[in-house]
Structure formats: C-alpha cells, structure tokens
Protein chains: 2
Amino acid sequence: MAIKKDASKNIKEVLRDQINGKLLLPLQKLPSERELSELFSITRISVKSALDSLEIEGLIYREDRRGWFVSPPRVKYNPLSRCHFHQMISEQERIAETQLLGVKSMMAPSSIATILALSELTPIHVLERLRYIDGRAVLFVENCLISEFFPDILSENLAQSLTTLYEKKYGFKNSRSHFDFIPTSAPEHVAHALNIRPGQQILKICRVNYNQHHQIIDCEFEYWRPDAVIISIDNRESF
Amino acid sequence: MAIKKDASKNIKEVLRDQINGKLLLPLQKLPSERELSELFSITRISVKSALDSLEIEGLIYREDRRGWFVSPPRVKYNPLSRCHFHQMISEQERIAETQLLGVKSMMAPSSIATILALSELTPIHVLERLRYIDGRAVLFVENCLISEFFPDILSENLAQSLTTLYEKKYGFKNSRSHFDFIPTSAPEHVAHALNIRPGQQILKICRVNYNQHHQIIDCEFEYWRPDAVIISIDNRESF
DNA sequence: GAGTGGTCTAGACCACGTC
DNA sequence: ACGTGGTCTAGACCACTCG
C-alpha cells in the first residue's frame with residue numbers, strides 16, 4: 001500500500017539493491033527507460049529522474065542513445081605519485097588503453113597563456129588523447145606543450161607516456177607540479193569524446209608542470225568521468 | 001526564427017551571459033521557474049532541465065523551495081597545507097563561520113572501524129559541524145574521533161579548529177594524513193544541512209589523520225557543495 | 001526499420017518557506 | 001495564504017544506434 005508513495009524512491013532503492021547485491025554486474029545494461037516505466041508503473045520522466053540521481057551517485061552511467069549501464073568500481077588515482085597512467089591502472093588489475101585523438105599547433109590563447117605564465121605570443125602544441133579503462137572511455141586529456149621546449153615531438157608516438165618521453169628525449173625531469181581539481185560540467189568536445197551528454201558533471205583537473213630548471217614546460221587538462229575515479233593522496237609522500 | 005530551436009540551449013546561454021556579464025550578481029535570486037518558463041515560452045520542465053545543467057556547471061545553485069541563486073566565486077582549498085579553515089577563508093577575503101550541529105558518542109560502526117583500522121569494538125565521538133562562507137552553508141563536516149585519545153574533549157568549544165585543540169590540549173601533532181576525493185551524491189542528512197536536494201552531486205573528502213607516533217587518531221568526512229570549491233595542490237609543498 | 005534515449009508540451013497536486 | 005520548487009501524469013516527436 002505504501003508502494004505508490006514516492007515512486008522514484010522505490011525504483012532507486014530496487015536498482016541500488018540489485019547493483020549492490022551483484023544481480024546487476026558492472027558494464028551490464030539496464031532495461032530500457034520505457035520498460036522500467038512499465039515495470040514500476042511510473043512515467044518515463046520519473047524513471048529518468050531516478051536514473052539521473054543514481055548516475056550522480058556513481059552507480060550507473062549512460063551511453064548516448066544506447067542505454068544505461070552499471071558502473072565498474074572506481075580506480076584510485078594518486079596525482080602526486082610519479083606513476084604512469086598505464087602502470088597505475090594495471091597495478092589495480094584493470095586494463096588501460098590510450099588513443100591519440102589529434103594534435104594541433106597554434107598560438108597560445110589567453111586562457112592558456114595565463115596558466116603557462118606566458119607574456120608574449122607563444123606557439124604551443126595541443127594534444128588530445130582519450131584514455132580507456134576496461135574498454136570504457138573514462139578520461140579525456142588535453143596537453144598544452146610550449147613548442148620551443150619540445151622540438152620535433154610531433155614525430156614521436158604520442159599515445160605513450162608523455163612524462164617518459166619528456167625525460168628520454170629532452171632530459172626533462174619534473175621538479176614540481178600544481179593541480180587544481182574542479183567539479184564542473186563537460187564542455188562539448190569532451191562530452192562527445194567520453195560519450196556523455198554535454199553539460200553533464202565531470203571532474204576537471206588542471207595540472208601545470210615544471211622541469212628541473214623550475215620552468216613551466218606544459219600544462220594538462222584532465223576530464224574524468226566522475227564515477228570512474230577516487231583521487232587518493234597521502235601527504236607523507238612527497239614524490 | 002531560430003528561436004524555437006532547442007529552447008533549453010537558448011535560456012542557458014542567456015542566463016550564462018547575464019551571470020558572466022555581472023548583470024546577475026553572486027547570491028542574487030533568479031526569476032522563478034514559472035516566470036522563466038513564460039519569459040522563454042517553454043515549459044517548466046524545460047526550464048528545470050536548463051537550470052539543472054547550469055547548476056552542474058557551478059554557475060547557479062538552488063535552495064529548497066526558495067529559489068535559484070547565482071553562485072559566488074569558488075574558494076581555493078589546499079588540503080595539504082596546515083592552514084585552518086577560518087584562516088584559509090579569510091586569506092581569500094571571504095567570511096567563514098562554523099556551527100556545531102551535534103555530538104554523539106557510540107561504538108564505531110564497521111564502515112568507520114575499517115577506515116580507522118580498528119579491530120575491536122571501540123568507542124568513538126562523532127562531531128557534526130556545518131561551515132559557512134559569506135553566510136552560505138557550503139561544507140558539512142563529520143569528525144570521528146577515537147575516544148580514548150581525547151578524554152574530556154566534549155567539554156571544549158567544538159566550533160573552533162580541531163587541529164589546534166588536538167595540539168594544545170593533547171599535544172598531538174599531525175604526522176601524516178590520507179585523503180580520498182570522491183565525486184558522488186549527498187546522503188540525506190548532509191543534503192538537509194546544506195539545504196540541497198538529497199541525491200544531488202557533491203564532493204566528498206575522506207581524511208584520515210595520524211599523530212606524531214604514527215597512530216590513527218581520527219578521521220573526517222567533508223561534503224562540499226561542488227560549486228563552492230577548487231581543490232588546489234602543489235606537490236612541492238610537503239608541509 | 002526498430003529500439004533507444006533526448007527533448008518537449010500542458011497541465012496537475014504536494015511540501016515547504018515566507019510572510 | 002501565497003509563492004516556491006519537487007514531483008508527477010500521459011502523452012508526442014526527434015536524433016541517433018544497431019542489426
């Protein structure tokens with residue numbers, strides 16, 4: 001008799017139970033919104049609102065016009081460790097892939113010039129890469145390199161670790177990085193690459209890197225699916 | 001003529017422009033959803049969806065059944081600095097307040113026992129506090145203290161800095177902290193205190209503190225309004 | 001072409017905040 | 001008492017994915 005009361009709460013609890021109880025497994029598809037609305041005798045708008053809320057919680061995610069799926073466990077990410085993405089992921093027994101989306105060379109726009117502390121017109125390279133965990137696109141990365149520090153870098157394999165490339169090819173060692181973590185929404189090109197809605201919530205990380213001579217050499221914008229990651233930091237570790 | 005095309009995009013752009021152009025100022029109230037739906041000739045559901053999206057972006061926020069407001073600028077928060085909340089906020093020329101919501105003493109439930117690395121039934125104190133910036137509730141904090149380390153702490157003023165109290169009253173110095181940052185949704189009691197919807201997105205920070213003898217003495221759960229903060233970290237600083 | 005989610009209309013009642 | 005957002009019904013068409 002209490003069934004009709006707050007229908008969206010009901011469907012949320014049922015789905016949460018099914019996921020926590022492993023009746024629905026990670027990456028598994030949920031029934032369609034129309035099916036759910038019949039199963040629970042509520043409108044599709046109410047179904048949607050319940051799914052939205054479970055999405056924010058990090059339990060499920062959507063793929064545009066393909067359906068809703070159960071989120072895999074979050075990956076731990078320690079930005080202060082010098083660990084590469086692929087190494088970090090495989091240490092957690094997950095599978096990492098990196099895809100190079102494109103490279104542009106341009107003059108630094110003012111927003112990026114500010115971050116890189118550039119006072120004049122300066123050419124930069126912009127790399128766009130997409131990272132996958134267990135086959136799911138979870139991280140969109142944009143690297144902005146001050147071109148003069150990296151002659152001929154475009155002829156290298158840019159799907160590998162940039163840190164390693166910086167060191168091996170240019171002898172750069174990271175002496176310092178600055179990080180900003182910002183909960184915000186996905187810009188259009190990011191949303192498209194991650195297969196999420198434009199405007200959907202995301203975790204944005206802005207990183208600025210210094211070489212051993214304390215020069216800023218590049219910055220990086222990371223856009224994480226918010227259900228895919230836990231940022232994990234220990235203040236004892238300084239490396 | 002292109003007005004009817006994607007109405008929600010239109011209202012979003014207009015509001016964004018008004019906010020960025022300072023025609024709408026921080027903390028200022030937006031017109032009601034019904035007014036907006038008339039102004040833009042769209043349904044209230046479409047208005048809602050546009051506002052939801054601007055909320056995720058961090059431009060506006062809602063107060064339950066009171067309306068929508070323009071978000072003030074984000075505060076920078078460096079968890080690795082030893083800076084107190086009040087000091088940190090006032091350095092940014094904002095006004096900080098702390099309100100003690102309540103204190104409970106109990107046996108550590110298993111979820112917290114795990115975090116505190118407790119193997120037996122152990123009494124803890126749980127403090128709930130609410131922090132304000134410029135009069136707006138932005139941070140809900142739950143501290144779980146292992147009782148035996150803190151005899152008689154309940155007789156102290158608990159709206160002040162706990163770190164200071166730990167040091168002055170018990171001689172504890174922080175030797176290490178561990179942080180987890182998790183984009184997720186607000187639990188019911190948190191949502192209520194922050195005056196947001198249960199299930200709304202939030203930035204959760206779990207912190208574990210060690211004293212100078214490398215013992216875990218307490219942990220802390222911070223729940224930040226996601227539009228209120230930028231986490232800012234420099235890996236050069238180890239203090 | 002069939003199925004999916006994305007978006008929308010045009011209403012309605014409820015719960016809560018404010019006065 | 002009134003205004004607000006919260007939630008809901010019962011449909012509709014569109015854009016995209018997939019087989």
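What you see is a predicted model, and the numbers here were worked out from it, not measured in a lab.
For B/Ser53, the side chain to side chain donor-acceptor pair (under 3.5 Å) partners are B/Lys12, not counting sequence neighbours. Residues passing the side chain to side chain donor-acceptor pair (under 3.5 Å) test with A/Ser155, sequence neighbours excluded: A/Asp152.
Rounded to whole angstrom, the span from the CG atom of B/Leu51 across to the C1' atom of D/dT7 amounts to 16 Å. The nearest whole Å value for the distance from the CG atom in B/Asn195 to the C1' atom in D/dG5 is 12 Å. For the pair A/Leu36 CG and C/dG3 C1', the computed distance is 14 Å after rounding to whole Å. Straight-line distance from the CD1 atom of B/Ile11 to the C1' atom of C/dT9: 16 Å, rounded to whole Å. Straight-line distance from the CD1 atom of A/Ile196 to the P atom of C/dG5: 17 Å, rounded to whole Å. Atom NZ of B/Lys29 is separated from atom P of C/dG17 by 15 Å (rounded to the nearest Å). Between the C1' atom of D/dT17 and the CD atom of A/Glu33 lies a distance of 15 Å, rounded to the nearest Å. Put simply, CG on A/Leu54 is 14 Å from P on C/dG5, counting in whole angstrom units.
An OP1 or OP2 oxygen of C/dG5 is reached within less than 4.0 angstrom by no side-chain nitrogen or oxygen of A/Lys48. Of the side-chain N and O atoms in A/Arg66, none sit less than 4.0 angstrom from OP1 or OP2 of D/dC16.
Within the structure, the salt bridge (Lys or Arg N to Asp or Glu O under 4.0 Å) test picks out the following pairs touching residues 91-107 of chain A (sequence neighbours left out): A/Arg94-A/Asp134. Note on residues 123-132 of chain B: pairs passing side chain to side chain donor-acceptor pair (under 3.5 Å), not counting sequence neighbours, are B/Thr98-B/Arg131, B/Gln99-B/Tyr132, B/Ser105-B/His125.
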So which protein nitrogen or oxygen atoms get under 3.5 Å of nucleotides 10-13 of chain C's nitrogens or oxygens?
none

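Nearest heavy atom pair, residue B/Leu30 against residue B/Leu24, reads CD2-CD1, 3.6 Å.
Looking only at side-chain heavy atoms (C-beta outward), A/Lys76 and B/Asp180 come within less than 4.5 Å of each other. Side-chain contact check for B/Val126 versus B/Met106: some heavy-atom pair is nearer than 4.5 Å.
Of the listed nucleotides (D/dG5, C/dG5, C/dT18), D/dG5 has the atom at the smallest distance from the side chain of B/Trp68. For B/Ile42, the side-chain atoms get nearest to C/dT9 when compared with the rest of D/dT9, C/dT9, C/dT7.
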What verdict does the side-chain hydrogen bond (donor to acceptor under 3.5 Å, both in side chains) test give for B/Ser71 and B/Asp227, after you've listed the backbone C-alpha separation in whole Å, the side-chain angles of each residue and the deciding distance to 0.1 Å? CA-CA 7 Å; B/Ser71 298; B/Asp227 63 339; 2.6 Å; yes

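Within residues 56-65 of chain A, the residues having any heavy atom closer than 4.0 Å to DNA chain C are, in order of number, A/Arg62, A/Asp64, A/Arg65.
Classification of A/Glu33 and A/Lys48 as a salt-bridged pair holds, one side-chain N sitting under 4.0 Å from a carboxylate O.
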